[in-house]
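Remarks on the structure that follows.
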Amino acid sequence: MSDLLDPKNDFVFKRIFGSEENKDILLAFLNHTFHEAGEPPLTEIVLMNPYTDKDSPADKQSIFDIRAKTALGELINIEMQLFNQYDIEKRTLYYWSKQYASQLIEGQRYRRLRKSVTITIVNFSFLPNDRYHNIFRLREDHTAISLTNDLEIHVMELAKLDHRPLRIEGGLLNWLLFLKGIDPSNWEVLTMNEPVLRKAMNTLEFLSQDAEARRLYEMRQKALHDEISMIEGAREEGREEGREEGVHLKAIEVARKMLAKGKDMDEIIEYSGLTAQEIRQLKAH
């Protein structure tokens, strides 16, 4: 099928991985993720915010990340980020901390806190290495002693998957290649030892042919592009203000040097670009 929806769109991502009927898809993805982290597989998860028809891109209250809990009470949050909004490291840690702290109400003991895992999938590169899957925990610098296992952050950078060979044996890489949008002609290889991944692909094909799903997808795409345009616009405005401020400070520096050398007003105005009133104020101080 040539006109597939983009599985990286967070609305589509949640439809595929965050619905009750597709909980086996999420479980398979998580088990590959935790396998690479050297952890035992999960046997059961509970979706804490499963996809419903109320999750409309038109509703600003809709949450398109995926939140789950393991049988041991450990919390998992999965977020898809199409665009680099910068400060993603602080943003990720902030949301991890909110998830971790949300486990307690006032008066409860800290021992009730369970491990909190954040999985951030991004469509760009920002970590200075070649690894597409990075895992962060709390370790002592010199001895690698663990302070606690409660913090675990996974960062998956889809932009680092270019030129990665397909794995017939399966694994997390195949799932990430699917999310990146690999050509469907390669799907057969990706699913050779990943039968649950085939279900994810079937779901994407179904959504791509559903008129209502496509309408909501396009609505979400527009909202995402509008958001990044607004951020870039504000950033450029800030850069422009910074450039103007820099020019003004340079002009003040020139005027002060000329005043110190006893240059006349007209000459200072000509070379600095400041007004006569601005120069008089500098002279007064």
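Note that these values count all heavy atoms, side chains included, but never hydrogens, waters or copies made by symmetry.
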*State, yes or no, whether a side-chain contact exists between Trp96 and Val117 at a heavy-atom distance under 4.5 Å.*
no
Review item, side-chain donor-acceptor pairs of residues 38-48, under 3.5 Å, at least two apart:
{"from": "Glu39", "atom 1": "OE1", "to": "Lys115", "atom 2": "NZ", "distance (Å)": "3.4"}
{"from": "Glu39", "atom 1": "OE2", "to": "Lys115", "atom 2": "NZ", "distance (Å)": "3.3"}
{"from": "Glu39", "atom 1": "OE2", "to": "Arg137", "atom 2": "NH2", "distance (Å)": "2.8"}

*asked:* Restricting to side-chain hydrogen bond (donor to acceptor under 3.5 Å, both in side chains), what partner residues turn up for Asp130, sequence neighbours left out?
replied: none
*Verdict with supporting geometry, Asp150 and Arg114, salt bridge (charged side-chain N to carboxylate O under 4.0 Å, His left out)*: CA-CA 6 Å; Asp150 282 9; Arg114 295 291 179 265; over 6 Å; no
*Ignoring hydrogens and angles, state whether a donor on the side chain of Thr143 or Glu140 is under 3.5 Å from an acceptor on the partner side chain.*
yes
*Are Phe29 and Phe17 near enough that their ring centres are under 6.0 Å apart?*
yes
*Does the side chain of Lys160 come under 3.5 Å of the side chain of Asn129 through a donor N or O and an acceptor N or O?*
yes
*asked:* Lys8: which residues meet the side-chain hydrogen bond (donor to acceptor under 3.5 Å, both in side chains) condition with it, sequence neighbours left out?
replied: Asp6
*Side-chain ion pair, Glu20 and Lys23, N-O less than 4.0 Å*: yes
*Shared hydrophobic cluster for Ile153 and Met156 (ILVMFWY, side-chain gaps under 4.5 Å)*: no
*For residues 25-34, pull every pair meeting side-chain hydrogen bond (donor to acceptor under 3.5 Å, both in side chains), keeping only residues two or more places apart or in separate chains.*
His32-Glu194
*May I ask you to decide whether Arg164 forms a salt bridge with Asp162, counting only side-chain N to carboxylate O separations under 4.0 Å?*
no
*Could Arg220 and Asp10 be called an ion pair, given the rule that one side-chain N must be under 4.0 Å from one carboxylate O?*
yes
*Please identify each residue that fulfils side-chain hydrogen bond (donor to acceptor under 3.5 Å, both in side chains) with Asn9, with sequence neighbours left out.*
Gln221
*Indicate yes or no: at least one non-hydrogen side-chain atom of Leu179 is less than 4.5 angstrom from one of Asn123.*
no
*asked:* Less than 3.5 Å apart, any donor N or O on the side chain of Glu152 or His154 sitting next to an acceptor on the other?
replied: yes
_When you compare the side chain of Leu26 with that of Ile78, does any pair of heavy atoms fall below 4.5 Å?_
yes
_All pairs passing salt bridge (charged side-chain N to carboxylate O under 4.0 Å, His left out) where residues 68-89 contributes a residue, at least two apart_ = Glu79-Arg91
*Would you say Glu188 has more than 12 foreign heavy atoms packed within less than 6.0 Å of its CD?*
no
*Going by distance alone, is a donor N or O of one side chain under 3.5 Å from an acceptor N or O of the other, for Tyr95 and Asn77?*
no
